[in-house]
Amino acid sequence: MMFHSAALKLTMWYLAIIMALSIGLSVALYYVSNIELTKSANRTLDFYNIVFGPDDKGAFSNERLQQLSKDRAHLRNNLVLFNVGVLLVGGGASYALARRTLQPIEEALEAQKRFTGDASHELRTPLTAMQTEIEVALRSPSLSKKEATDLLKSNLEEVGKLRNLSEGLLILATASNNDLPKQKVLIKDAVEQAAQAVAKLAKSRKISIKTSARPIQVVGNHQQILNLLSILLDNAIKYSQPGGEVELTAKISDQQAIISVIDHGQGIEASDLPYIFERFYRADASRSKNHIEGYGLGLAIAKKIVDLHNGSIEVASTPNMGSTFIVKLPLTKHQPIDI
Ligand code: ADP
């Protein structure tokens, strides 16, 4: 509704500009043509007087003047018709142009609304859990020290989740290519640090991590590349069966750094694949079956980081066989010597 009336207003403005130009030009054309028509009539009259002698009764000059006023009326009518045409065609074109101008703004606003709606929905879940626990505890006539400690522990867990969520949201909402300080990043270092970062989680799930990385250099933000690899590794571990193996490799191919994260876990259904990089999307399996923690933000953040580095991310996956996420990043001009 708001965009409809904005489109109409914009149409009016476009049309007013078109009509001002068209009417201005028509008036100028009318005056110039009028001068030419009058000159031509005078020339005919002069010629007639010279050839046939002065016209006593003025019959010829009356005839010529009548013809002149007819020509003027004809010209006026044509110009009015032309302007009516411009008004109709210009009106239609202006409306189409106004809709086109506003469409990206409308889409951005729609996405913003969805994002805010999804974010507040996700924020509500841990907040409600905390609120309920606190209310129940307050209603209890005698709260033991152990119960109070348990409550605080559980609340702290929820606070941790809220913190992760808000950090993820912040990255998605604010980071743009210009905000990101970039330097030369050695992928090998990032690979090793990412493996370290998830080592505790991997151990608790009895999953072994194998890394193999060539000394590859890209231009980027070390911390963000580390986040990217940690998100992919974290997922590979989360969605693997205990005892499984996760692989992280980095090599050069086609003048690009190719980083692969391979797991042999639950995999992703083909019907979910097109959506997993969307914000808050979680495949049904991860919601229902094993209650694997997450907000569906990891891959959206990963994709954002890859985009900020002018790279690409793709996935190949077979349910119950595992998934391979492949990140491609542009290389720096000079690469470290590979020994
Ligand atoms: P989260 O893991 O928090 O749910 P992500 O954005 O990281 O959110 O992932 C989105 C969805 O993609 C997950 O819910 C899961 O269904 C699927 N997914 C991501 N990585 C893997 C993986 N390695 N194996 C199987 N499914 C995965």
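Each ligand, and each atom within it, is numbered from 1 in the order the structure gives. Remember, predicted model here, so these are calculated numbers, not experimental data.
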As an exercise, identify every atom of ligand 1 less than 4.0 angstrom from a heavy atom of [X].
{"X": "Ile276", "result": "10 (C), 12 (O)"}
{"X": "Ala283", "result": "14 (O), 16 (O)"}
{"X": "Ile268", "result": "18 (N), 25 (C), 26 (N), 27 (C)"}
{"X": "Ser323", "result": "22 (C), 24 (N), 25 (C)"}
{"X": "Leu297", "result": "6 (O), 8 (O)"}
{"X": "Lys238", "result": "1 (P), 2 (O), 3 (O)"}
{"X": "Phe325", "result": "20 (N), 23 (N)"}
{"X": "Tyr281", "result": "10 (C), 11 (C)"}

*Can you name the salt bridge (charged side-chain N to carboxylate O under 4.0 Å, His left out) partners of Arg76, sequence neighbours left out?*
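Scan of Arg76 (salt bridge (charged side-chain N to carboxylate O under 4.0 Å, His left out), adjacent residues dropped) gives none.
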*Under the salt bridge (charged side-chain N to carboxylate O under 4.0 Å, His left out) test, which residues partner Lys146, sequence neighbours left out?*
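With neighbours one apart ignored, the set is Asp150.
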*Would you say Ser40's side chain and Glu36's backbone share a donor-acceptor pair under 3.5 angstrom?*
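It does not hold such a pair.
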*Out of curiosity, is Gly296 lining ligand 1, as in a heavy atom under 4.0 Å away?*
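Contact present.
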*Please name the pair of heavy atoms, one in Gly90 and one in Leu15, separated by the smallest distance, quoted to 0.1 Å.*
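That closest heavy-atom pairing would be C-CD1, 3.5 Å.
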*Over all heavy atoms of both residues, which pair between Lys182 and Asn221 is shortest? Give the atoms and the distance, please.*
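Between these two residues, the closest heavy atoms are CG-N, 4.3 Å.
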*N/O of Ile231 under 3.5 Å from N/O of ligand 1, yes or no?*
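N/O-N/O distance under 3.5 Å: no.
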*Compute the shortest N/O to N/O distance between Asp263 and ligand 1 and return yes if it is under 3.5 Å, no if not.*
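Looking only at distances, the answer is yes, because the N/O contact criterion of under 3.5 Å is met.
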*Would you call the rings of Phe280 and Phe115 parallel, tilted or perpendicular, where under 30° means parallel and over 60° means perpendicular?*
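Tilted, since the angle between the ring planes falls between 30° and 60°.
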_Which label fits Phe277 and Phe325: parallel for a plane angle under 30°, tilted from 30 to 60°, or perpendicular past 60°?_
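Answer is perpendicular, since the angle exceeds 60°.
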*If we ignore angles and hydrogens, is there a donor and acceptor under 3.5 Å between the side chains of His309 and Gln224?*
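Their side chains do not contain a donor-acceptor pair, so the 3.5 Å distance test is not met.
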